[in-house]
Trainee: 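The structure follows.
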Amino acid sequence: MILQILVLGLSIEIDIPKNPTINETFEYALEDENGNIIRSFQENNIFSNLKGGIYNVVVENKDGCGTAKLLVSLIEYPKFFTPNEDGVNDTWQIKGVNDTFYKATSLRIFDRYGKLLAEIPLDSNGWNGTSNGKILPSGSYWYSVKLIPVDSSKPIISKKGNFSLLRK
């Protein structure tokens, strides 16, 4: 079974080329990276309104002729974080990025004047809202990221954007 996965924003679409001489039908499920089922089997080949992360797409032939799994990276750039140590959104990090998919990254955080505040490694827990040990105030911050895929046939991802640091 050959799977083609299309990642469109925060949606995943599974495309299986059809053989006109065989009438095959499939059902689709989605697991998180730990193998927990997030969306149970369905006939629709599209999963929408997802969060950034690493997912296993599971495709099962309804006639019992096999099951296939494919690991997928769904990238999300959070719009805010709240470093208040409550265990929720305490750091800013790009979701859906790990060393299975990307062999090198460059993630830099800047203030609104363009001053470099932090360089964040791929395998870190993200940025905690400090620079040189100093707690930074609520406000808009900017990022610049470059992701180099392990699969050299895929394009390098370069993106710039902004997010909010919210303190209460």
Side-chain angles (χ1 to χ4, degrees), residues 1-19 22 24-83 86-109 118-128 141 143-166:
M1 179 182 327
I2 299 171
L3 299 178
Q4 295 177 0
I5 305 293
L6 303 169
V7 176
L8 308 163
L10 292 176
S11 297
I12 297 172
E13 182 177 343
I14 303 100
D15 183 34
I16 301 172
K18 303 284 189 216
N19 181 338
I22 302 173
E24 292 182 297
T25 56
F26 300 95
E27 56 186 358
Y28 311 89
L30 198 61
E31 300 174 341
D32 67 15
E33 61 188 313
N34 299 316
N36 300 313
I37 294 178
I38 297 175
R39 305 272 177 93
S40 54
F41 280 103
Q42 63 185 39
E43 291 184 5
N44 188 351
N45 66 330
I46 298 173
F47 296 100
S48 299
N49 301 316
L50 300 171
K51 294 181 180 180
I54 307 298
Y55 295 96
N56 269 311
V57 173
V58 184
V59 179
E60 187 172 85
N61 183 302
K62 289 177 87 174
D63 298 323
C65 294
T67 300
K69 282 188 178 184
L70 184 64
L71 199 60
V72 176
S73 165
L74 192 61
I75 298 174
E76 181 181 7
Y77 304 90
K79 300 201 180 298
F80 70 93
F81 78 115
T82 56
D86 67 352
V88 180
N89 296 321
D90 284 334
T91 61
W92 191 87
Q93 65 186 116
I94 300 170
K95 297 176 180 166
V97 175
N98 68 18
D99 58 7
T100 300
F101 292 96
Y102 301 98
K103 62 183 174 184
T105 64
S106 167
L107 173 58
R108 295 173 158 196
I109 308 292
E119 291 189 62
I120 311 298
L122 173 68
D123 58 355
S124 78
N125 291 328
W127 183 53
N128 63 2
Y141 292 86
Y143 66 88
S144 173
V145 63
K146 184 175 183 179
L147 302 172
I148 301 172
V150 170
D151 180 347
S152 61
S153 70
K154 297 195 175 193
I156 292 172
I157 297 171
S158 294
K159 183 168 173 62
K160 294 179 181 179
N162 68 311
F163 60 92
S164 295
L165 184 162
L166 305 172

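In this chain, residues are counted from 1 in sequence order.
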Trainee: Would you please name every residue forming a side-chain contact (heavy atoms from CB on, under 4.5 Å) with Asn49, sequence neighbours left out?
Mentor: none
Trainee: Does any pair with a residue in residues 86-103 pass salt bridge (Lys or Arg N to Asp or Glu O under 4.0 Å), and if so which ones, sequence neighbours excluded?
Mentor: none
Trainee: How close do Phe81 and Asn128 get, counting heavy atoms only, and between which atoms?
Mentor: CE1-C, 4.0 Å
Trainee: Taking the six-membered ring for Trp, are the ring centroids of Trp92 and Tyr143 within less than 6.0 Å of each other?
Mentor: yes
Trainee: With side-chain contact (heavy atoms from CB on, under 4.5 Å) as the test, would you mind laying out the steps for Glu13 and Asn45 before giving the verdict?
Mentor: CA-CA 6 Å; Glu13 182 177 343; Asn45 66 330; 4.0 Å; yes
Trainee: Which residues pass the side-chain contact (heavy atoms from CB on, under 4.5 Å) test with Asn36, sequence neighbours left out?
Mentor: Asp32, Asn34
Trainee: With sequence neighbours excluded, tell me which residues meet salt bridge (charged side-chain N to carboxylate O under 4.0 Å, His left out) with Glu33.
Mentor: none
Trainee: My understanding is that only residues two or more places apart in sequence, or in another chain, count here; which of them pass side-chain contact (heavy atoms from CB on, under 4.5 Å) with Ile157?
Mentor: Ile75, Tyr77, Tyr102, Leu147
Trainee: Got a sec, which residues hit side-chain hydrogen bond (donor to acceptor under 3.5 Å, both in side chains) with Glu24, two or more places apart in sequence or on another chain?
Mentor: Asn61
Trainee: Where do Leu50 and Leu30 land on the side-chain contact (heavy atoms from CB on, under 4.5 Å) test, with the steps shown first?
Mentor: CA-CA 10 Å; Leu50 300 171; Leu30 198 61; 3.7 Å; yes
Trainee: Can you list everything that forms a side-chain contact (heavy atoms from CB on, under 4.5 Å) with Leu71? Sequence neighbours excluded, please.
Mentor: Ile54, Asn56, Thr100, Phe101
Trainee: Rounded to the nearest 0.5 Å, what separation is found between the OH atom of Tyr55 and the CD1 atom of Ile12?
Mentor: 7.0 Å
Trainee: Are any side-chain N or O atoms of Thr67 and backbone N or O atoms of Glu60, one a donor and one an acceptor, separated by less than 3.5 Å?
Mentor: no
Trainee: Holding to side-chain hydrogen bond (donor to acceptor under 3.5 Å, both in side chains), I want the full list of residues that pass it with Lys62, two or more places apart in sequence or in another chain.
Mentor: Glu43
Trainee: Which side chain to side chain donor-acceptor pair (under 3.5 Å) pairs, counting each pair once, include a residue from residues 149-161, with sequence neighbours left out?
Mentor: Asp151-Ser153
Trainee: With rounding to the nearest 0.5 angstrom, report the CD to CD1 distance, Gln93 to Ile109.
Mentor: 10.5 Å
Trainee: Surrounding CZ of Phe80 (heavy atoms of other residues, nucleotides or ligands, distance under 6.0 Å), is the total greater than 12?
Mentor: no
Trainee: Does the pair Ile46 and Tyr28 meet the rule for a side-chain contact (heavy atoms from CB on, under 4.5 Å), with working shown?
Mentor: CA-CA 8 Å; Ile46 298 173; Tyr28 311 89; over 6 Å; no
